[in-house]
Number of protein chains: 2
Amino acid sequence: MAETHTHKPEPVADVLADHGVRPTSQRETVYRSLLQQRDHPTADEVFARVRENAPTISLATVYNCLDVLVQHKLVKAVNFERGPTQYCANLAPHAHFHDEAGGTLDIDMPPEMITQLLGLLPENFDVKHIEVNFHGRTPSA
Amino acid sequence: MAETHTHKPEPVADVLADHGVRPTSQRETVYRSLLQQRDHPTADEVFARVRENAPTISLATVYNCLDVLVQHKLVKAVNFERGPTQYCANLAPHAHFHDEAGGTLDIDMPPEMITQLLGLLPENFDVKHIEVNFHGRTPSA
DNA sequence: CAGGTAATTAGAATTATTCTAAAATAAGTC
DNA sequence: GACTTATTTTAGAATAATTCTAATTACCTG
Ligand SMILES: [Mn+2]
Ligand SMILES: [Mn+2]
Ligand SMILES: [Zn+2]
Ligand SMILES: [Zn+2]
């Protein structure tokens, strides 16, 4: 068999609890949806998706759940040029490529790039967060 | 005398014309305001500022002028976390530091940093624009 | 000056998001 | 398990930045 590191997948409810989030069914559904489909959906898109499994969930609740997940750092909020906020379950440091044709891609950011970027700032600045966005076109062919 | 390169400051109207923008009094006023006060004002703030000189200008016109200036690359639009768009007359490539205490600072970006960032992308991606935002605190003392 | 095009304006409309207040759910206590 | 309290969910109203609409004004060219 090929697998070297096998983590038995921790149940979503436990992940939430471990991050101090009370695992309600709505939160689990929203989080699961982001883990499963790793494009960068907007709140509306998440709402549409989770409605399949949780037909009675409200849009306000989707916003609430997303906010809680972002607050507790289980999910990242991605903004680009006044578009609706998109949500991302990729916790590794990464940049985003926004394709003019639509769609947002994760671009891996090696630690040395982060270091270099921080080097642009005066010594004593306290940085909480770096955000790198590319905008352009992916090859059409 | 110290000055080595002295450009006699080109009249704002000419700069606009040179960039294919018809120099109306409103556009001149808006652009001049951004050149003079180089913080990163929002459309509302620009509106408040230009009202001193052009008391009859409308907010819609301020938005129109800012859009035209951005389209013709005389001004950059800066977005951060769903806040109102801010406008920047600094045309040199630079990142932005968003202070939690309020205020946005320009952070110079040397060409080699741009090159490095572009190196993160697959070869054939066509990049129109890169955006780097820092978020944190500047030293309080 | 006339006619045509482009810009400005006030106000209505839009959109994503947040707020409000009530109902439902969960948790903690005897 | 009923009682109490805190948290979450919900529908709908409210907000805020921006864009749109349609009418007016300014500019330019012949
Ligand atoms: Mn999307
Ligand atoms: Mn500001
Ligand atoms: Zn991402
Ligand atoms: Zn700037």
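Just so it is clear, the values below take in all heavy atoms, side chains as well, and ignore hydrogens, waters and symmetry mates. Numbered from 1 within each chain, the chains take letters A, B, ... in sequence-line order.
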Can you tell me how far C1' of D/dT8 sits from CG of A/Leu69, to the nearest Å? 14 Å

Could you check whether any side-chain heavy atom of B/Val75 comes within less than 4.5 Å of a side-chain heavy atom of B/Val30, counting everything from C-beta outward? no

What is the separation between atom CD on A/Glu45 and atom P on C/dA16, rounded to the nearest whole Å? 10 Å

Under 3.5 Å donor-acceptor, B/Arg27 side chain and B/Leu16 backbone: no

Starting at the 5' end of nucleotides 21-26 of chain C, put B wherever the base has a protein heavy atom under 4.0 Å, S where only the sugar-phosphate does, and a dash everywhere else. ------

Does the side chain of A/Phe80 come within less than 4.5 Å of A/Thr104's, by heavy atoms? no

Spacing between A/Leu66 atom CG and C/dT17 atom C1', to the nearest angstrom: 12 Å

Is the shortest side-chain N/O distance from B/Gln26 to OP1 or OP2 of C/dT9 below 4.0 Å? yes

What's in the same ILVMFWY side-chain cluster as B/Val78, cut-off under 4.5 Å, chained through other members? none

Exercise answer: donor-acceptor pairs, residues 105-118 of chain B side-chain atoms, under 3.5 Å, sequence neighbours excluded:
unit_1: B/Asp106; atom_1: OD1; unit_2: B/His40; atom_2: NE2; d: 2.8
unit_1: B/Asp106; atom_1: OD1; unit_2: B/His94; atom_2: NE2; d: 2.9
unit_1: B/Asp106; atom_1: OD1; unit_2: B/His96; atom_2: NE2; d: 3.1
unit_1: B/Asp106; atom_1: OD2; unit_2: B/Asn90; atom_2: ND2; d: 2.9
unit_1: B/Thr115; atom_1: OG1; unit_2: B/Pro111; atom_2: O; d: 2.9

Please report the distance, rounded to the nearest Å, between CG in A/Asn64 and P in D/dA11. 12 Å

With sequence neighbours excluded, residues passing side chain to side chain contact (heavy atoms under 4.5 Å, CB included) with B/Thr85: A/Arg82, B/Ala77, B/Asn79, B/Tyr87

Under 3.5 Å, which N/O atoms of the protein pair with N/O atoms of nucleotides 15-20 of chain D?
unit_1: D/dT18; atom_1: OP1; unit_2: A/Arg82; atom_2: NH1; d: 3.4
unit_1: D/dT18; atom_1: OP1; unit_2: B/Thr85; atom_2: N; d: 2.8
unit_1: D/dT18; atom_1: OP1; unit_2: B/Thr85; atom_2: OG1; d: 2.9
unit_1: D/dT18; atom_1: OP2; unit_2: B/Tyr63; atom_2: OH; d: 2.5
unit_1: D/dT18; atom_1: O5'; unit_2: B/Tyr63; atom_2: OH; d: 3.4

Dot-bracket notation for DNA chain D is requested: 5' to 3', Watson-Crick or G-U wobble pairs only, both distances under 3.5 Å, with ( ), [ ], | and . as defined. ||||||||||||||||||||||||||||||

Among all residues two or more places apart in sequence or in another chain, which pass the ring-ring contact (aromatic ring centres under 6.0 Å, His included) test with A/Phe47? none

Here the distance between atom C1' of C/dA7 and atom NE2 of B/His72, to the nearest Å, is 13 Å

Of all pairs that satisfy side-chain hydrogen bond (donor to acceptor under 3.5 Å, both in side chains), the ones with a partner from residues 120-134 of chain A, not counting sequence neighbours: A/His98-A/Asn133, A/Lys128-B/Glu100, A/Glu131-A/Asn133, A/Glu131-B/Asn133, A/Asn133-B/Glu131

Going by the rule side-chain hydrogen bond (donor to acceptor under 3.5 Å, both in side chains), which residues pair with B/Arg32 if we only count those two or more places apart in sequence or in a different chain? B/Glu28

Any side-chain hydrogen bond (donor to acceptor under 3.5 Å, both in side chains) pairs touching residues 47-63 of chain A, not counting sequence neighbours? A/Asp39-A/Arg49, A/Ser58-A/Thr61

Which residues, if any, of residues 47-58 of chain A bring a heavy atom under 4.0 Å of DNA chain D? A/Thr56, A/Ile57, A/Ser58

Test item: A/Val68 and A/Leu74 side chains (from C-beta on) under 4.5 Å apart, heavy atoms: no

Please name all residues satisfying side-chain hydrogen bond (donor to acceptor under 3.5 Å, both in side chains) with B/Asp99, sequence neighbours left out, ordered by chain then number. B/Thr138

Rounded to whole Å, please give me the gap between CG in B/Leu16 and P in D/dC27. 14 Å

Is any side-chain heavy atom of B/Val21 closer than 4.5 Å to one of B/Tyr31? no

